[in-house]
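Input: a single structure, listed below in structure tokens.
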Protein chains: 2
Amino acid sequence: MMMSGLRERKKEQTRRRIAEVALRLFDERGYDAVTVNEVAEAAGVAKVTLFAYFPSKDSLVLDGVKEDTAAIVAGRGERTPLQALREHYRRMGRDEIDVGGLLTRIRVISASPALLAGVQQAHMGQREELACALAEALPERGLAPRLMAAQITAAITTLQEAFFHRLSTGVSPEEAGRLLGEEVELAFDLLEYGFATLKGDKS
Amino acid sequence: MMMSGLRERKKEQTRRRIAEVALRLFDERGYDAVTVNEVAEAAGVAKVTLFAYFPSKDSLVLDGVKEDTAAIVAGRGERTPLQALREHYRRMGRDEIDVGGLLTRIRVISASPALLAGVQQAHMGQREELACALAEALPERGLAPRLMAAQITAAITTLQEAFFHRLSTGVSPEEAGRLLGEEVELAFDLLEYGFATLKGDKS
DNA sequence: GTTCATAAATGTACCCGGTATGGTTTAGGC
DNA sequence: GCCTAAACCATACCGGGTACATTTATGAAC
């Protein structure tokens, strides 16, 4: 078998071409206003071929955007799950993420309610994995891991939404990253110490 | 004009008949296996009429399931938002909710991934309202209200999921209510005091 | 009771995302 | 060079949802 080069290269090429064409069309005319037929035609493939590469219309944009929070928790080493996650997202704000190549994608996503719902759903899908990872990492039982996973996921989703929104409304990547950094600390403080620290302000 | 009785009563009646027929069919054969055409036919109306009453297939089941967390916060009186919410859901566990009439609905929802995703989306839709209500109720600015709203919504969603899951797997409503009561306290403690209280167990 | 405006209900045809089928090209191992 | 299997394609189909033009029923005014 070996399945070597040319064939796979062509596949990869076709796949990339489809995704690129799709992103361009969505950016030009809006996600909802472009049909998958148009994408397929513009990419020079049949609709059925497109769906052989991508399982759904939104996956044309959302594929590869998935975050693996469960993996971060699993690979936390000596740290607590929350520490590991906090440091991961802290790094996202500080280090330059390769945001250049993602800007169009982010713009397209932010402009489409359907795609925004899609990323939320993707996050929700990870909630369960994260709950399992937390259940293994912590002594808590019952609903606690699920509650924690849900809250963490919600916080991350909110952070990402704010970040995306800024990027898609013209804020510079550097500034957006800086603000993200601040908000990561806020979000994880809220998770770790609760709303009481805010409302009481007893510090 | 006046729009008086008979007409509106018939409308209401038709609407209820459609919803009841739909719920029965979904329960018998599964949400995905029943088409809206079948529902419409079984209810004695045309498909387009069905969609005049319900904007989408899932609204046949989900209509009226919406929770109004924002309203709870708005009508909190002297209490903090979190206190108001905690007490509201505490009551849900203690007092008998009219769970009898909802059991079929809950069973249908719990059996369908599409509908479960739908209630999640509904919760997400309320997140924004809740964020606004919190922003008015608290001095916090910036991302804090959104983060809080997201975390609260996530916790409530998780509580509801666990509750639904028990009810749809045969746990008695009383027992499910009792467990819900315990978990409400856990969830709101987590929101209020953070994960640190769990992990450190410094109490 | 008849008439008239209006709102409800309908039939039909359509759009779009997604799938099933069955056939044709093409790459790669031998 | 041949053969298998993968990639591709055209077409037809399904189900949710909408547009449109038409009919049917209702309430009110006369």
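So that the names make sense, note that chain A is the first sequence line, chain B the second, and so on, each numbered from 1. Atom set for the values below is all heavy atoms of this structure, side chains included, hydrogens, waters and symmetry mates excluded.
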| request: Please determine, for the side chain of Val36(B), which listed nucleotide (dA27(C), dG16(D), dG17(C)) has the closest atom? | output: dG16(D)

| message | Quick check on side-chain contact (heavy atoms from CB on, under 4.5 Å): which of Thr69(B), Leu147(B), Leu82(B) does Ile152(B) satisfy it with? | response | Leu82(B)

| said: Mind checking if Val34(A) touches a base, just sugar-phosphate, or nothing, with heavy atoms under 4.0 Å? | reply: sugar-phosphate

| task | Pick base, sugar-phosphate or nothing for Val48(B), based on heavy-atom distances below 4.0 Å to the nucleic acid. | result | base

Quick test of your reading of the model: are [X] and [Y] salt-bridged, counting only N-O distances below 4.0 Å?
X         : Y         : result
Glu128(A) : Arg146(A) : yes
Glu28(A)  : Arg24(A)  : yes
Glu38(B)  : Arg29(B)  : yes
Arg105(B) : Asp63(B)  : no

Would you kindly give the [atom1]-to-[atom2] distance between [X] and [N], to the nearest whole Å?
X        : N       : atom1 : atom2 : result
Arg29(A) : dC16(C) : CZ    : C1'   : 14 Å
Arg15(B) : dA8(C)  : CZ    : C1'   : 15 Å
Asn37(A) : dT11(D) : CG    : P     : 13 Å
Lys47(A) : dA20(C) : NZ    : P     : 13 Å
Phe26(B) : dG15(D) : CZ    : P     : 13 Å
Arg17(A) : dA7(D)  : CZ    : C1'   : 13 Å
Lys11(A) : dT26(C) : NZ    : P     : 17 Å
Asp32(B) : dG15(D) : CG    : C1'   : 11 Å

| Any side-chain N or O of Lys10(A) less than 4.0 Å from the OP1 or OP2 oxygen of dA7(D)? | no

| Which parts of residues 49-58 of chain A get close to DNA chain D, meaning a heavy atom less than 4.0 angstrom away? | Thr49(A), Tyr53(A)

| request: Output the distance between atom OH (Tyr53(B)) and atom CZ (Arg16(B)), rounded to the nearest 0.5 Å. | output: 13.5 Å

| query | When you check the side-chain N and O atoms of Asn37(B) and Thr35(B), is any donor under 3.5 Å from an acceptor? | reply | no

